[in-house]
Amino acid sequence: MESRQKILDAAERVFAQGGFDGAKVRDIAAEAGVPVGLVHHHGGGKEALFKEVLTRRAEILSAQRIEALDAARAEGPLTLDQVLRAFTTPYFELAYNGGPQWLAYARLVAIISADEKLTEVSATLFDPTAKVFIQELEHLYPNAPTAVVAECFVYMVSCMLALVTARFRIASLSGGRESGEMDGLLTFCRAGFEARLAEAGKA
């Protein structure tokens, strides 16, 4: 069990650096400090290992998002801010406070979200939860077409992934320190949602 955990953690870090195509089983073995044969034994091949690495944290992240949404719903009618916070807060907290493996996972999610070849994997792991949040957004903006709601949702996810994995760019572009926090992201996304969905609802 310890060897399997070590291999999964190593695979997560290697996949986060080069994506699925760039990762090699021998690199995963070297990162884990185990023979290549042991990676095959525990992982069942690169594709199976990749899916297991993604699945083990996707389930935790999805559960926390749904719990956050249920907690907000228990307080009364949902607002746009509550829906967006319920989705983004677990990702931020795990990436920033869950240790280096969660940050590696956050970077890996950013990679697969931008890779059209991995659409099926993304659909299986992330779409069921995403659709729950999109439905809540549709309740808030009943006149906006689903396609536009999904469009705004993807914009928000893209911003979230970029902030978590590339905060250093803010410092680079501003000549200051690394910055960028969730509240700033949510202010930006909330304004975008309100403008775009209100506009779409009038069409």
Side-chain angles (χ1 to χ4, degrees), residues 1-20 23 28 31-32 34 39 42-75 78 81-115 117-137 150 153-167 180-183 185-186 189:
M1 181 64 71
E2 183 178 347
S3 293
R4 185 176 186 80
Q5 184 68 35
K6 186 186 295 185
I7 289 167
L8 289 172
D9 287 348
E12 192 167 53
R13 294 191 296 272
V14 172
F15 284 131
Q17 292 171 359
F20 178 79
I28 294 171
E31 180 74 15
V34 301
V39 175
H42 283 295
K46 190 170 82 166
E47 184 173 349
L49 188 60
F50 184 71
K51 289 181 179 179
E52 185 171 357
V53 163
L54 288 170
T55 301
R56 66 175 183 158
R57 297 198 196 279
E59 292 174 348
I60 296 171
L61 183 56
S62 292
Q64 290 195 14
R65 282 169 165 161
I66 295 300
E67 287 173 9
L69 189 64
D70 288 342
R73 193 183 285 117
E75 296 176 1
L78 288 172
D81 184 71
Q82 287 176 315
V83 175
L84 300 187
R85 284 183 183 277
F87 188 83
T88 57
T89 299
Y91 183 80
F92 274 90
E93 290 186 347
L94 290 169
Y96 289 157
N97 304 316
Q101 288 297 146
W102 268 104
L103 183 56
Y105 179 78
R107 289 173 174 154
L108 180 54
V109 171
I111 290 173
I112 69 168
S113 295
D115 191 338
K117 299 191 299 296
L118 299 174
T119 298
E120 185 177 345
V121 174
S122 296
T124 300
L125 295 179
F126 305 122
D127 283 11
T129 300
K131 288 177 180 179
V132 170
F133 282 83
I134 288 172
Q135 287 175 354
E136 293 295 346
L137 292 168
F153 185 82
V154 170
Y155 293 159
M156 184 265 293
V157 171
S158 298
C159 289
M160 178 188 73
L161 296 176
L163 179 56
V164 169
T165 60
R167 293 171 73 207
E181 302 299 336
M182 189 179 72
D183 284 345
L185 172 75
L186 287 173
C189 291

Gap separating the [atom1] atom of [X] from the [atom2] atom of [Y], nearest 0.5 angstrom:
X: Met160; Y: Thr89; atom1: CE; atom2: OG1; value: 10.5 Å
X: Ile28; Y: Asp9; atom1: CD1; atom2: CG; value: 12.0 Å
X: Ser158; Y: Leu163; atom1: OG; atom2: CG; value: 12.5 Å
X: Gln5; Y: Ile7; atom1: CD; atom2: CD1; value: 10.5 Å
X: Arg13; Y: Leu108; atom1: CZ; atom2: CG; value: 13.0 Å
X: Glu120; Y: Asp127; atom1: CD; atom2: CG; value: 11.0 Å

Could you pull out the closest heavy-atom pair between [X] and [Y], with the gap in Å?
X: Thr165; Y: Leu161; result: OG1-O, 2.7 Å
X: Pro128; Y: Thr124; result: CD-O, 3.7 Å
X: Leu94; Y: Trp102; result: O-CB, 3.0 Å
X: Cys189; Y: Met156; result: SG-CG, 3.7 Å
X: Ile134; Y: Phe153; result: CG1-CG, 3.9 Å
X: Leu103; Y: Ala95; result: CB-O, 3.8 Å

Would you say that [X] contacts [Y] through its side chain, given a criterion of any heavy-atom pair below 4.5 Å between the two side chains?
X: Ile60; Y: Gln64; answer: yes
X: Phe15; Y: Ile111; answer: no
X: Val109; Y: Phe126; answer: yes

(request) Applying side-chain contact (heavy atoms from CB on, under 4.5 Å), name anything that partners Gln17, two or more places apart in sequence or on another chain. (result)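 Partners of Gln17 by the side-chain contact (heavy atoms from CB on, under 4.5 Å) criterion come out as none, since no residue qualifies.
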(request) Taking Glu31 for its side chain and Ala10 for its backbone only, find out whether a donor-acceptor pair lies under 3.5 Å. (result)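 No, the answer is negative, given that no donor and acceptor are paired below the 3.5 Å cut-off.
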(request) Examine distances only and state if a side-chain atom of Tyr105 and a backbone atom of Val53 form a donor-acceptor pair shorter than 3.5 Å. (result)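 It does not hold such a pair.
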(request) Mind checking ring pair (Phe, Tyr, Trp, His ring centres under 6.0 Å) for Phe20 and listing every partner two or more places apart, or none if nothing turns up? (result)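 With sequence neighbours excluded, Phe20 shows a ring pair (Phe, Tyr, Trp, His ring centres under 6.0 Å) to Phe50, given in chain and number order.
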Under 3.5 Å donor-acceptor pairs involving side-chain atoms of residues 81-88, not counting sequence neighbours:
from: Asp81; atom 1: OD1; to: Arg85; atom 2: NE; distance (Å): 3.3
from: Asp81; atom 1: OD1; to: Arg190; atom 2: NH1; distance (Å): 2.6
from: Asp81; atom 1: OD2; to: Arg85; atom 2: NE; distance (Å): 2.8
from: Gln82; atom 1: OE1; to: Thr79; atom 2: N; distance (Å): 3.0
from: Gln82; atom 1: OE1; to: Thr79; atom 2: OG1; distance (Å): 3.4
from: Gln82; atom 1: NE2; to: Glu75; atom 2: OE1; distance (Å): 3.3
from: Arg85; atom 1: NH1; to: Asp183; atom 2: OD1; distance (Å): 3.2
from: Arg85; atom 1: NH2; to: Asp183; atom 2: OD1; distance (Å): 3.1
from: Thr88; atom 1: OG1; to: Leu84; atom 2: O; distance (Å): 2.9

(message) With side-chain contact (heavy atoms from CB on, under 4.5 Å) as the criterion, how do Arg57 and Gln101 come out once you've worked through the C-alpha distance, each side chain's angles and the decisive distance to 0.1 Å?
(response) CA-CA 10 Å; Arg57 297 198 196 279; Gln101 288 297 146; 3.3 Å; yes
Run the salt-bridge test on [X] and [Y] with the 4.0 Å N-O cut-off and return the result as yes or no.
X: Glu52; Y: Arg56; value: no
X: Glu181; Y: Arg167; value: yes
X: Arg73; Y: Asp70; value: yes

(message) Determine whether Glu12 and Leu8 satisfy the following criterion, side-chain contact (heavy atoms from CB on, under 4.5 Å), listing intermediate values before the conclusion.
(response) CA-CA 6 Å; Glu12 192 167 53; Leu8 289 172; over 6 Å; no
